[in-house]
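Read through the structure below, which is laid out as structure tokens, and then see the notes.
Ligands are counted one by one from 1 in listed order, and the atoms in each one are counted from 1 as well.
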Amino acid sequence: MIPTSLEWCQNQDKNDPLGDKRAAFDLPDGVIYMDGNSLGPLPKSVAPRLESVVKQEWRTDLIKSWNTADWINLPTRVGARIAPLIGAKAAEVVMADSTSVNLFKVAAAACRFAREASTKRTRIISEPGNFPTDLYMMQGLADFLGEDYELVTVERSEIIDAVDDKTAVVLLTHVHYVTADMFDMKDITAAVQAKGAMMVWDLSHSAGAVPVDLNGANADFAVGCGYKYLNGGPGAPAFLYVAERHLASARQPLSGWFGHKSPFDFKDDFEPAADIRRMLVGTTGVLAASALEEALKVFEDVDMRVIRQKSLAQADLFMALVREKLVGHNLGIVTPEKHTGRGSHVSLSFAEGYAVMQALIDHGVIGDFRAPNYMRFGFTPLYLSFEDVYRAVDILADILDKEIWRDSKYRTRSDVT
Ligand SMILES: *Cc1c(COP(=O)(O)O)cnc(C)c1O
């Protein structure tokens, strides 16, 4: 039995090894923020850092800052900060572009390796219901590569069986964006590689949320998001990972000048950088990259295992409270119970989930909604307390018991859910 009393929650908070991290975030008063899986909140040090980047580096030092402030090395510098969070070496990770663009680059690189191994390997495998951009980008890549290429989506229980000598690459999202189902990265990578295909992991809902060990799993490529659990700010740059063994030979088709071995020689012919920088495309968005770099400092002195332990305990508490206080409301818990099988958010299904979430937000509990009927609640131990979780379920119970969500103002859909 998981204790569900307010006193227990307050006691957990008193003994929380991450308790003082909340002070590193600038959270609005009266808000319980449970959407760090979609947009991480603002770390306090980011605004002053941006002010200094704008006023000193940009306004005063102008173009000299490419050297004096080392703007040129932001991609690898930020990559090196992300590397320990995902079980990679600093040289294997770079900050760049968006997750969507990075998916294209790494999958294209994997397809190219596959083509060198066998001209028959022209299939990309993923799962139905993966995050849409992952599927869309693979559809676009297959179309671009030519008639032989195709994206095939296979239910997760059948993925390994589906990998054959026609398979170039398997692309999976480690933690599912709706259900929070988490794959066993090591087993799947090994099984895919045993059949001669390459493995690409999307870590958008994993980086900064759950311990990830790309090296331990022998992953070939990975991508991930900077604005979710990494708190890099809206539309923050993303990152990508290339296993060390592939660094010298991986080639991606978006061969922009920042991927050139010496961009400032201004040569006509492209020659890739010898290292991870060959995955870069064009000029870094310095303001956004600086925000992400600053935000990542919050992780400097924390162990992902400590974060994980607390987020599992908080999600366990949440599910127990939902079962206890929301009986009879026809609410489903979509996220698996098993610790090894889930990431760091919990999804509840409810026919009127959209209206309920709008009412919740209006009452100070911010989660989000995913079509057709899922309410998502993110557990982000750096700033969420056990008492927050307790109060959030109390407010949710009130909204359901009193049918507050039926108010017409909670039913109009905005462009972004
Ligand atoms: C959030 C997310 C993305 C985001 O892609 P963008 O290019 O940043 O819009 C991609 N894949 C997954 C699995 C995600 O969760």
Side-chain angles (χ1 to χ4, degrees), residues 34-41 75 78-79 82 85-86 94-108 110 124-141 151 153 156 159 169-183 185 188 199-210 212 214 219 221-241 252 254 279-282 284-285 288-289 291-292 295 334-335 342-347 367-371 374 376-380 415-417:
M34 301 184 74
D35 210 8
N37 50 303
S38 235
L39 174 68
V78 179
I82 296 170
L85 302 177
I86 56 173
V94 75
M95 174 203 69
D97 305 307
S98 64
T99 305
S100 301
V101 171
N102 289 339
L103 280 163
F104 186 88
K105 292 187 291 184
V106 300
I124 301 168
I125 292 181
S126 191
E127 66 165 337
N130 194 354
F131 192 84
T133 209
D134 296 57
L135 300 179
Y136 301 162
M137 293 308 292
M138 293 309 104
Q139 288 161 12
L141 175 63
L151 167 70
T153 56
R156 56 175 55 197
I159 288 169
V169 44
V170 177
L171 161 66
L172 295 172
T173 299
H174 181 224
V175 173
H176 194 272
Y177 78 106
V178 177
T179 62
D181 264 303
M182 185 165 76
F183 281 110
M185 180 179 282
I188 290 181
M199 189 69 222
V200 178
W201 288 105
D202 186 331
L203 304 178
S204 290
H205 282 273
S206 309
V210 300
V212 176
L214 287 171
F221 296 95
V223 300
C225 191
Y227 52 80
K228 292 171 179 159
Y229 293 92
L230 299 183
N231 312 311
F239 65 87
L240 66 83
Y241 155 92
Q252 57 93 4
L254 305 183
M279 302 305 283
L280 296 177
V281 181
T284 301
L292 174 58
V334 176
T335 300
R342 68 166 129 113
S344 201
H345 68 270
V346 171
S347 280
D368 65 15
F369 172 81
R370 285 293 173 264
Y374 300 108
R376 291 193 306 183
F377 298 87
F379 296 89
T380 45
D415 289 344
V416 176
T417 60

* What's the shortest distance from atom 5 (O) of ligand 1 to any protein heavy atom, and which residue and atom give it? ->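 The answer is T99 CB, 3.5 Å.
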
Heavy-atom closest pair, residues I86 and A207 =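 Closest pair (atom of I86, atom of A207, distance): CG2-CB, 4.0 Å.
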
query = Looking only at heavy atoms, which two atoms of S347 and R376 are closest? And how far apart?
reply =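 Scanning both residues completely, I find the closest heavy atoms to be OG-CG, 3.3 Å.
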
Could you tell me which atoms of ligand 1, counted from 1 in the order shown, lie closer than 4.0 angstrom to a heavy atom of [X]?
X: S98; answer: 7 (O)
X: T173; answer: 13 (C)
X: H205; answer: 15 (O)

Geometry only, no angles: is [X] polar-contacting ligand 1 at N/O separations under 3.5 Å?
X: S100; value: yes
X: K228; value: yes
X: Y177; value: no

Do any N or O atoms from the side chain of [X] and from the backbone of [Y] form a donor-acceptor pair under 3.5 angstrom?
X: H345; Y: Y177; value: yes
X: H174; Y: G343; value: no
X: S126; Y: T153; value: no
X: S204; Y: G224; value: no

Practice problem: Look at atom 9 (O) of ligand 1 and find which of Y227, W201, F131 reaches it with the closest heavy atom. | Solution: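 The nearest heavy atom belongs to Y227.
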
**Prompt:** Are L230 and F239 side-chain neighbours, meaning at least one heavy-atom pair lies under 4.5 Å?
**Reply:**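 Result yes, sub-4.5 Å side-chain heavy-atom pair found.
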
- ligand 1 contact on T133 by region, counting heavy-atom pairs under 4.0 Å: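 Side chain only.
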
Next item on the list: Could you see which bit of V101 sits under 4.0 Å from ligand 1, with heavy atoms only: side chain, backbone, both or neither?
Entry: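 None of V101 does.
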
